[in-house]
Amino acid sequence: MIIEQTSWTKGETKVVGPMIDVDFVCENGKKGRWLVTGSYRRNRSRIEKMIQDNPRVEEYLLLAVLEARKGYWNRAQTAVQKALELDGDHAGAKLLLAQILEAKGELREAGVMYQECFHRHRRFSKGAREYARYLITHTDSLTLAQNVLFHSLEWNPKDAIAHTLLAEIYLLRGKTGQALLHLRLAAQYYQANPLYHQRKAKVFMKMNRYEEAAEQLKQALRMDPKNKIIRSQFDMVKKASKTPKIFFFWKKWVI
């Protein structure tokens, strides 16, 4: 992956990287929603107090996701490594560490971690899905990515994002009919998630359906208005739709 944007904040690199899915941190609680609706400082203070009172894997992962959403990847990595000190084989922690390494441009290390998460936690469908996304984004291993997605869908056949990724693979292989089939399946199993709209926008862009891509990103922003990655991509799509150099803008997506 090429990191497209870099800035410096208080001695730390702040970059645009892959979107972090908050859901896996606390699927049945309200804590994941803090990171979308609350302020960074308030949330950080709240989570640090929870860690001080009773350090648990979940709280460290919340802190890691909070830092990642701000683009503070080094801080995010420190937090997730603290989680792994408590549980060295935690599936969600390994997945998050792989995403953070990917965002930092440490692609070989990220690939090793995605692969390890996939093989150690075969029933963790989200880990398999993210491994497939990594393969699609950074390698030419489309057959492996497709097989990994099939495995992911065996455990979670209603994963709309996985179906969207399969649609992307089929489009890359020129199989438009199968791509459209998986887009329909994705829509059938849809659950509100900005990551779904982000991936669907990418598929629409590959099909030269720019207005539909922009609409998908607009929906993602309604769900997560503070997400700078979605905002950046939405701005790129709007610019790209007004210029013949559409692919130039598309290649700048870091997802």
Side-chain angles (χ1 to χ4, degrees), residues 18-29 31-33 35 56-58 60-62 64-65 68 80 83-84 86-103 110-139 141-173 175 177-203 220 223 255:
M19 279 182 61
I20 303 298
D21 189 351
V22 176
D23 291 344
F24 83 86
V25 177
C26 191
E27 302 234 351
N28 299 316
K31 296 175 184 176
R33 291 196 288 276
L35 311 184
R56 298 187 306 164
V57 169
E58 182 186 73
Y60 278 117
L61 293 183
L62 278 170
V65 170
V80 79
L84 286 168
L86 295 177
D87 183 353
D89 201 34
H90 191 281
K94 286 187 173 183
L95 171 59
L96 185 53
L97 179 57
Q99 292 176 314
I100 291 168
L101 291 170
E102 179 185 356
V112 169
M113 186 56 63
Y114 279 121
Q115 187 177 45
E116 179 181 332
C117 184
F118 173 66
H119 287 296
R120 287 284 298 169
H121 303 278
R122 302 287 289 183
R123 298 188 181 187
F124 185 33
S125 62
K126 196 171 296 184
R129 186 191 75 202
E130 278 297 289
Y131 180 35
R133 180 199 55 77
Y134 166 87
L135 292 169
I136 295 168
T137 306
H138 303 297
T139 77
S141 304
L142 289 184
T143 299
L144 176 58
Q146 182 174 321
N147 290 337
V148 171
L149 283 171
F150 286 154
H151 176 86
S152 174
L153 287 167
E154 284 181 12
W155 294 106
N156 185 9
K158 296 183 178 181
D159 186 337
I161 300 171
H163 283 291
T164 305
L165 287 168
L166 267 179
E168 190 174 334
I169 289 176
Y170 284 127
L171 276 178
L172 289 171
R173 290 181 160 173
K175 299 180 179 180
Q178 288 174 285
L180 291 173
L181 169 63
H182 281 281
L183 283 181
R184 287 194 293 271
L185 288 171
Q188 178 181 338
Y189 299 132
Y190 170 74
Q191 293 181 346
N193 187 323
L195 183 57
Y196 163 79
H197 293 289
Q198 187 204 36
R199 297 307 308 190
K200 194 170 183 178
K202 186 175 182 182
V203 175
M223 297 177 191
I255 54 178

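Numbering starts at 1 and runs along the sequence shown. Just so we're clear, the structure is a prediction, and the values are computed from it rather than from any experiment.
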message: Taking A128's backbone N and O only, do any of them form a donor-acceptor pair with H121's side chain (distance below 3.5 Å, no angle check)?
response: no
S125 backbone acceptor or donor facing S152 side chain under 3.5 Å: yes
- prompt: Under the ring pair (Phe, Tyr, Trp, His ring centres under 6.0 Å) test, which residues partner Y131, sequence neighbours left out?
  reply: F118
statement: Across all chains, not counting sequence neighbours, the ring pair (Phe, Tyr, Trp, His ring centres under 6.0 Å) partners of H197 are Y190
Not counting sequence neighbours, which residues clear side-chain hydrogen bond (donor to acceptor under 3.5 Å, both in side chains) with [X]? List them please.
X    : answer
R184 : none
E116 : K94
Y196 : K200

message: For D87, give me all partners under salt bridge (Lys or Arg N to Asp or Glu O under 4.0 Å), at least two apart in sequence or on another chain.
response: none
- request: Mind running side-chain contact (heavy atoms from CB on, under 4.5 Å) on L61 and H90 for me, showing each step along the way?
  value: CA-CA 11 Å; L61 293 183; H90 191 281; 3.7 Å; yes
Residue pair E102 / H138, side-chain donor-acceptor N/O under 3.5 Å: yes
message: Can you confirm whether the side chains of Q178 and R173 place a donor and an acceptor under 3.5 Å from each other?
response: no
field: Partner of L183 under side-chain contact (heavy atoms from CB on, under 4.5 Å), chosen from L166, V203, L171
entry: V203
query: Of all residues at least two apart in sequence or in a different chain, which pass the side-chain contact (heavy atoms from CB on, under 4.5 Å) check with A98?
result: M113, Y114
- request: Return each pair, listed once, that meets salt bridge (charged side-chain N to carboxylate O under 4.0 Å, His left out) where at least one residue sits in residues 153-169; pairs must be two or more places apart or across chains.
  value: R129-D159, E168-R199, E168-K202
statement: Residues A220 and P194: closest non-hydrogen pair is CB-O, 3.7 Å
message: Would you say that L96 contacts Q99 through its side chain, given a criterion of any heavy-atom pair below 4.5 Å between the two side chains?
response: yes
